[in-house]
Amino acid sequence: MKEFIITDTPTDKAVLVGLITPEQNEVKSKEYLDELDFLASTADIKTVKRFTQRVDYAHPVTFVGSGKLQEIKAFVEDEDNEISRVIFDDELSPKQLRNLEAELKVKIMDRTSLILDIFAGRAQTAHAKTQVELAQYNYMLPRLTRLWTHLERQSGGGSGGFRMRGPGETQLETDRRIILSKIAKLKEDLKEIDKQKANQRKNRGKLVRVALVGYTNVGKSTLMNLLSKSDVFAENKLFATLDTTVRKITVENLAFLLSDTVGFIRKLPTELIESFKSTLDEVREADLLVHVVDISHPAFEEQLEVVTQTLNELSDEAKPAIIVFNKIDAFSHVEKETDDLTPRTKENISLEELKKSWIGKLHENCVFISAQEKQNIEELKALLYERVKEIHTQRFPYNDFLYQDYSDLEKAVND
Ligand SMILES: Nc1nc2c(ncn2[C@@H]2O[C@H](COP(=O)(O)OP(=O)(O)OP(=O)(O)O)[C@@H](O)[C@H]2O)c(=O)[nH]1
Ligand SMILES: [Mg+2]
């Protein structure tokens with residue numbers, strides 16, 4: 001479905017719009033816009049200006065108040081600025097989207113549609129593509145405007161094509177019908193793919209399953225590569241990983257399966273969580289979670305919280321977890337008002353001190369590493385060994401298949 005994928009040139013310029021509200025103070029709002037900026041650059045969009053407004057809640061018709069809207073409009077209409085889109089930090093209602101489009105006359109995006117665009121651009125396998133497409137149609141359905149009239153032309157004719165407009169049917173009704181049948185078809189396709197995936201998982205035998213989870217861009221794939229000596233795609237962009245990869249890892253003769261999957265983000269579109277349920281099965285069915293946190297990110301605590309909440313939404317039962325604080329080579333300080341550490345630079349803080357700090361006390365099973373600089377990986381491996389062995393012996397008290405050779409398994413896992 002090429003029509004969704006961003007095809008604009010990298011010089012596509014945008015302005016960002018966010019709110020400062022009682023729930024979202026100025027500092028938070030800035031952090032969110034920084035992240036929106038990062039999302040935009042991941043989608044090859046350059047942001048040239050930010051607008052924020054202090055309000056109690058979003059305006060139901062235009063998201064921002066009329067004065068602010070005129071300010072944005074003046075900036076967008078100034079040809080020197082070459083603005084081709086305006087991106088809002090929160091999900092816009094269909095009504096807000098329609099009104100903003102009519103008023104600003106450039107492409108309007110929100111956090112959700114931007115994330116969906118990035119996912120569409122990144123999806124590689126049939127599985128990921130089907131999931132993203134389904135999420136996009138679900139997002140689109142309540143937001144249909146005449147903008148989508150191209151749908152009918154695209155789908156007309158050919159076997160398996162959609163019926164042209166029925167008698168007395170308006171364009172919008174036709175578009176709605178077309179999208180509904182596409183959604184139905186995609187759901188069918190997904191069901192089929194899910195069945196295959198479930199079978200594959202069944203064939204994996206009884207190895208303990210460990211899943212890497214965490215906010216996007218924290219270093220999950222880098223850690224996967226390090227532990228499995230494999231070559232999973234990792235880069236400094238959001239959502240580098242969409243498809244799940246599973247590898248067999250051996251730590252001191254103890255074999256287990258490690259999976260690397262899509263990262264989370266705050267305000268992850270519900271359409272995406274819905275569609276990616278099967279990808280996230282890997283997480284739901286894991287015996288142990290390795291929650292990777294980027295300690296160098298100023299908002300790492302909130303990211304940790306977002307991931308924990310998303311995990312709670314995915315599964316009712318709390319799973320055993322290890323917290324891995326990654327990027328210790330890049331963080332600058334760990335001070336906090338009530339902290340036992342005074343603000344200092346990273347050079348002055350030892351691993352021992354980190355463990356004793358408020359960060360180290362966040363969780364009983366935590367370890368501080370740098371996946372990139374390969375720092376303290378032995379401690380992580382030792383902790384993994386301990387936890388996996390525990391799960392294994394609980395499950396198979398009389399079985400020593402722990403030490404068998406599983407070389408055939410890896411192939412089965414990733415087929
Ligand atoms: N400084 C530093 N950078 C790191 C470290 N580990 C990973 N990175 C960098 O962080 C960026 C993101 O790494 P990835 O491994 O792609 O992160 P991810 O969590 O898999 O990201 P998504 O797949 O996008 O969710 C890359 O540029 C890595 O090189 C680390 O220990 N220190
Ligand atoms: Mg990744």
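Just the heavy atoms: all of them, side chains too, but no hydrogens, waters or symmetry mates, feed the values below. Remember, it's a predicted structure, so these values are computed and weren't measured experimentally. This chain uses plain numbering: 1 for the first residue, then up along the sequence. Each ligand, and each atom within it, is numbered from 1 in the order the structure gives.
- Remark: F256 pairs with no residue by the ring pair (Phe, Tyr, Trp, His ring centres under 6.0 Å) rule, at least two apart or across chains.
- With contacts defined as side-chain heavy-atom distances shorter than 4.5 Å, the pair T245/L258 does not qualify.
- Residues passing the ring pair (Phe, Tyr, Trp, His ring centres under 6.0 Å) test with F264: none are found, sequence neighbours excluded.
- Scanning for ring pair (Phe, Tyr, Trp, His ring centres under 6.0 Å) contacts around Y139 gives an empty result, with sequence neighbours left out.
- Here S221 reaches the Mg ion (ligand 2): one of its N/O/S atoms is less than 2.8 Å from the metal.
- Protein residues having a heavy atom under 4.0 Å from any atom of ligand 1 are T216, N217, V218, G219, K220, S221, T222, A234, E235, N236, K237, L238, F239, A240, T241, G263, N326, K327, D329, A330, S370, A371, Q372, listed by chain and number.
- Closest approach of A123 to K129, counting heavy atoms only: O-CE, 3.6 Å.
- R209 and D287 are not joined by a salt bridge, as no carboxylate oxygen comes within less than 4.0 angstrom of a charged side-chain nitrogen.
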